[in-house]
Amino acid sequence: MIELAEIHRDFLVGDQIVHALDDVDLTIESGEYVSIMGPSGSGKSTLIRCINRLEEHQRGQIIVNGTELTNDIKNIEKVRTEVGMVFQHFNLFPHLSIIDNLTLGPIWVRKTPKKEAEEMAMMYLEKVHIAEQAKKFPGQLSGGQQQRVAIARSLCMKPKVMLFDEPTSALDVSVQAQILNLLRQLQHELGLSYLFITHNIGVVSYVSHDLAVMYLGRIVEQGSVDAVMHDPRHPYTQALLSAVPVPDPDSGREVIRLEGDMPSPSAPPQGCHFHPRCPQAMDVCRQRYPDESLLPDGRRIRCHLVTGGS
Ligand code: ADP
Ligand code: MG
C-alpha cells in the first residue's frame with residue numbers, strides 16, 4: 001500500500017542543514033498496522049508528513065497504492081483522498097459545527113452533493129459513537145470526543161491508509177484506551193492500513209503488526225512486533241524497550257541507561273548515528289554507516305553488531 005525507498009528530507013535552519021530523514025525505507029502492506037517509535041526529533045512526523053504531502057521529500061521514492069508521489073497537483077489530490085491523517089491536537093475548524101467539519105472535504109474536494117455528504121458524515125459519526133453531537137462545535141466537546149470527530153472526518157474521504165501522529169498523547173489515559181479500541185475496530189471493519197507514531201510501547205504490543213524504530217533520521221530496526229519486542233537486536237531498541245516495566249520481576253531484564261542526548265540532526269556523527277551513546281560501539285561504528293541486514297525472522301536492521309562489523 002505504501003512503499004518508501006531511500007527517502008531524504010533536509011531542512012535549512014539558519015545556516016545549518018538539518019537531516020530530518022536520512023535514507024529511510026519502509027513498506028506497509030494492505031491491511032497492515034505499522035507503528036513507529038523513536039526519540040523526539042528523530043524524524044517521525046516528517047516521515048508521515050512526506051507521505052501526506054505536507055512536506056516534500058528531496059530524494060527517494062514514495063509510492064502510495066501504485067502511484068509515485070511527485071509534486072504535481074493531481075498527484076497531491078489523489079493522495080489527499082487515499083491517505084487520511086489524524087494529529088495529536090485534532091485540528092478541527094473551531095467555527096464550523098461537527099457535521100460541517102466532516103462535510104467540508106467531501107463537498108469541496110470530492111464535489112459530493114451536500115445532502116449526500118451529510119448522510120455520509122452522519123454514518124461515520126455513528127461509527128465513532130458521537131452522532132448525537134453533530135450540531136455542536138468543537139469547543140463544546142471533550143478532547144476524546146474531538147479526536148473521534150477528527151477520525152470520522154478522515155474516514156469521510158474514504159482513505160485506504162491512515163496516518164496517525166501521536167493521536168492519543170493529548171488525552172487522558174482512560175480515554176486513550178477507548179480511542180485505541182475504536183481505531184482497531186475501524187481498521188478491521190474498513191480494511192485500512194495504519195501507520196501509527198506513538199511513544200507508548202503498550203499501544204504497540206497491543207495493536208500493531210510491525211514496529212519500526214527511528215533514531216536521528218534513520219530507521220534502525222524494523223520487523224514484526226513479536227520479534228522486535230521479544231528479542232530487540234539494535235542497542236537503541238534494547239535501551240528503549242528496557243525502560244518498559246515487565247510483569248515478571250525475575251525476567252532478568254536490566255534497564256539500560258543511555259548517556260547523553262540524541263545528537264543534533266544538523267551535525268549527525270559520522271558512521272552509525274547511535275555510536276556516541278552505544279554501550280557496545282566498535283571502531284567500525286565510528287567510521288561507517290551500517291548497511292541494512294535482513295534477519296531470518298524478516299527483520300531489517302542497521303547495526304554492525306549484527307554483521308560482526310564486516
Ligand atoms: P519527531 O516527530 O520524531 O519528533 P520531526 O520529524 O518533527 O521529529 O523533526 C525531525 C527534525 O527535523 C527535528 O530536528 C526538527 O527540528 C526538524 N524539523 C522538522 N520540521 C521542520 C521544519 N519545518 N523546519 C525546520 N526544521 C524542521
Ligand atoms: Mg513528531
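Quick caveat: nothing in here was measured; it's all calculated off a predicted structure. For ligands, and for the atoms within them, numbers begin at 1 and follow the listed sequence. We count residues from 1, following the sequence as given.
Looking at R302 and Y289, their side chains do bring a donor and an acceptor atom within 3.5 Å of each other. A donor and an acceptor atom, one from each side chain of R218 and H273, are located under 3.5 Å apart.
Set against the non-hydrogen atoms of V18, the atoms of ligand 1 under 4.0 Å away are 12 (O), 14 (O), 17 (C). Residue P39 has at least one heavy-atom neighbour below 4.0 Å for each of these atoms of ligand 1: 3 (O). The distance from ligand 1 to the heavy atoms of V13 drops below 4.0 Å at these ligand atoms: 25 (C), 26 (N).
Considering only non-hydrogen protein atoms, atom 3 (O) of ligand 1 sits nearest to K44 NZ, 2.8 Å. For atom 8 (O) of ligand 1, the closest non-hydrogen atom on the protein side is G43 N, 3.2 Å.
At under 3.5 Å, a nitrogen or oxygen of G41, whether backbone or side chain, sits near a nitrogen or oxygen of ligand 1.
Residue L295 qualifies as enclosed at atom CG: its count of foreign heavy atoms under 6.0 Å is above 12.
Distances from ligand 1 to the non-hydrogen atoms of S40 include at least one value under 4.0 Å.
Counting backbone and side-chain atoms alike, S45 contributes an N/O/S atom closer than 2.8 Å to the Mg ion (ligand 2).
Atom 15 (C) of ligand 1 is never approached by the protein to below 4.0 angstrom, counting heavy atoms only.
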